[in-house]
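Residue numbers begin at 1 in each chain, while the letters A, B, ... track the order of the sequences.
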Protein chains: 2
Amino acid sequence: MAETTEPPGRREQNKIDTRRAIAEAALTLARSQGPGSFTVDQIAAHAGVSRRTFFNYFRSAEDALNLRTESFLELAIGIFAAQPAGLPLLDTMIGAFSATTQVEHLGAHGELFRMAADNPELLRAQLHSWERAETRIVQAVEERLGDGVSHLYVTALVGSVLSCTKAAMQDWAGETPEPDDASGADLEARIVRALSLLRDGFANPA
Amino acid sequence: MAETTEPPGRREQNKIDTRRAIAEAALTLARSQGPGSFTVDQIAAHAGVSRRTFFNYFRSAEDALNLRTESFLELAIGIFAAQPAGLPLLDTMIGAFSATTQVEHLGAHGELFRMAADNPELLRAQLHSWERAETRIVQAVEERLGDGVSHLYVTALVGSVLSCTKAAMQDWAGETPEPDDASGADLEARIVRALSLLRDGFANPA
DNA sequence: TCAAAACTTGCACAGCGTGCAACAACCGTG
DNA sequence: CACGGTTGTTGCACGCTGTGCAAGTTTTGA
């Protein structure tokens, strides 16, 4: 796999656990009190950690909530990077993004989309996550394709793909308040549908 | 035109002026000290207004900087709304967005893109502006097309169009530090190019 | 076993964002 | 013009945010 020089000692594990605990605490508070109506001190207390340590891990309460989104996009990037290089680019991406629906805690992602609807800071954090993912995917694509392709082509393509994926997830989140066994397949279908529209140049409003 | 019940008294004008003055002060400070290294108090002082009044107009220093972006998107929405309804949707949008390059202070927009590159909060504010514009355009399109078209189709389409426009502007901003007479046409060409790629389903990396 | 490296914590401090109440500018009406 | 209602501005107070710093504590590797 693509392991970056990894000494999996106690330290690394502790940090991962702490990070998770903080994010979990934030999510719990957001569920019980509503997003945007709790303080960093509360999160820290729930996570069993000092206020100062919270800020060693996250820049804001919203960023902590946003860890789930971040990990989803991390997964998407990983899957895309592992894809074989022969196929047409757009088809490769359709395959990669439809596969991301097997991420854990799928329901929580929809939940976060819904929370962001009435919480500007959280929405901004999410948009930022997508933006950074976009940058990374653009880099990956340009490395894969070499110098022969224009930067504008790649950025427009990747941006559009992510926009369609986002639209599919939002659509899904809006209609799937309580996810069940089939909702993963449901989301996947929507992503494929949106990306197929893109491949067809949106010629057919179907 | 589409005037919303407008009593153009001294009050309205004062508010517009104040808003402009604050945004202008913020931009000046960002230019001289770099974005993110000045306080709201400084902006307020430069604008000849109290700190409290600043917060009556903007939610943060970055939002103040972002007024230019906001007005650009406002213009885009207006032009799109004024477009005749007969043509294919995507062609209508290509026309509308390429026409937005005639906005005032075009150079400042590129400047803001470049500032956002190393200022997370400003970047988030800009992304948020684009997101809200997307929502409004989606509404406009759905009103125009009626209930016959799927929500996913519209959101995916509008998201992609905006992504391509953004990509074009970023590309342009990166290569055009000091805009001259021709740079408006340059930007317009890039927007048309990116949106044409979209219409062709990105089939040809050209 | 021990010292260096990495992480946590408390503290202090500047700055942020907002509710509130007093004040000032503007508006329409008579 | 005058005057009351409406709308915008300002100062103040208060809690929360985000960060540098220095003193602890835990982990690491030798």
So, is [X] near the phosphate of [N], with a side-chain N or O under 4.0 Å from OP1 or OP2?
{"X": "A:T39", "N": "D:dC16", "value": "no"}
{"X": "A:N56", "N": "C:dC7", "value": "no"}
{"X": "A:T53", "N": "C:dT9", "value": "yes"}

Could you check whether the side chain of A:R11 and the base of D:dT26 have a donor-acceptor pair of N or O atoms closer than 3.5 Å, going by distance alone? yes
May I ask you to verify whether the side chain of B:R51 and the base of C:dG17 hold a donor-acceptor pair under 3.5 Å?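 Yes, a donor-acceptor pair under 3.5 Å.
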Atom pair distance, as rounded to whole Å: [atom1] in [X] and [atom2] in [N]:
{"X": "A:R10", "N": "C:dT8", "atom1": "CZ", "atom2": "C1'", "result": "16 Å"}
{"X": "A:E62", "N": "C:dG17", "atom1": "CD", "atom2": "P", "result": "12 Å"}
{"X": "A:F55", "N": "D:dC16", "atom1": "CZ", "atom2": "P", "result": "12 Å"}
{"X": "B:D17", "N": "C:dC26", "atom1": "CG", "atom2": "C1'", "result": "15 Å"}
{"X": "B:F58", "N": "C:dG15", "atom1": "CZ", "atom2": "C1'", "result": "19 Å"}
{"X": "A:D41", "N": "D:dT19", "atom1": "CG", "atom2": "C1'", "result": "15 Å"}
{"X": "B:F54", "N": "C:dG15", "atom1": "CZ", "atom2": "P", "result": "15 Å"}
{"X": "A:I22", "N": "C:dT9", "atom1": "CD1", "atom2": "C1'", "result": "13 Å"}

Candidate nucleotides [options], ranked by approach to the side chain of [X] - the nearest:
{"X": "A:S50", "options": "C:dG10, D:dT17, D:dG8", "result": "C:dG10"}
{"X": "A:R52", "options": "C:dT9, D:dG11, C:dT18", "result": "C:dT9"}
{"X": "B:Y57", "options": "C:dC16, D:dT9, D:dG11", "result": "D:dT9"}

Tell me if a side-chain donor or acceptor on B:Q170 pairs with a main-chain N or O of B:G110 at a distance below 3.5 Å.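 Between the backbone of B:G110 and the side chain of B:Q170 there is no qualifying donor-acceptor contact (under 3.5 Å).
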Position toward the 5' end of DNA chain C (nearest nucleotide), A:G48 or B:S60: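 The 5'-side residue here is A:G48.
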Is it the case that over 12 heavy atoms from other parts of the model lie below 6.0 angstrom from the CD atom of B:E104?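 12 or below, so no.
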What contact category does A:R59 fall into here, base, sugar-phosphate, or nothing, at under 4.0 angstrom with non-hydrogen atoms? sugar-phosphate
side-chain contact (heavy atoms from CB on, under 4.5 Å) with A:E62: which of A:E121, A:R124, A:M115?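 Of the listed options, the one satisfying the test is A:E121.
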Apply the side-chain contact (heavy atoms from CB on, under 4.5 Å) test between A:Y57 and each candidate in A:T18, A:D63, A:L67; give the one that qualifies.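 Filter result, single survivor: A:T18.
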Do we get A:R59 above A:F54's six-membered ring, with its NZ or CZ under 6.0 Å from the centre and within 45° of the axis?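 No cation-pi geometry.
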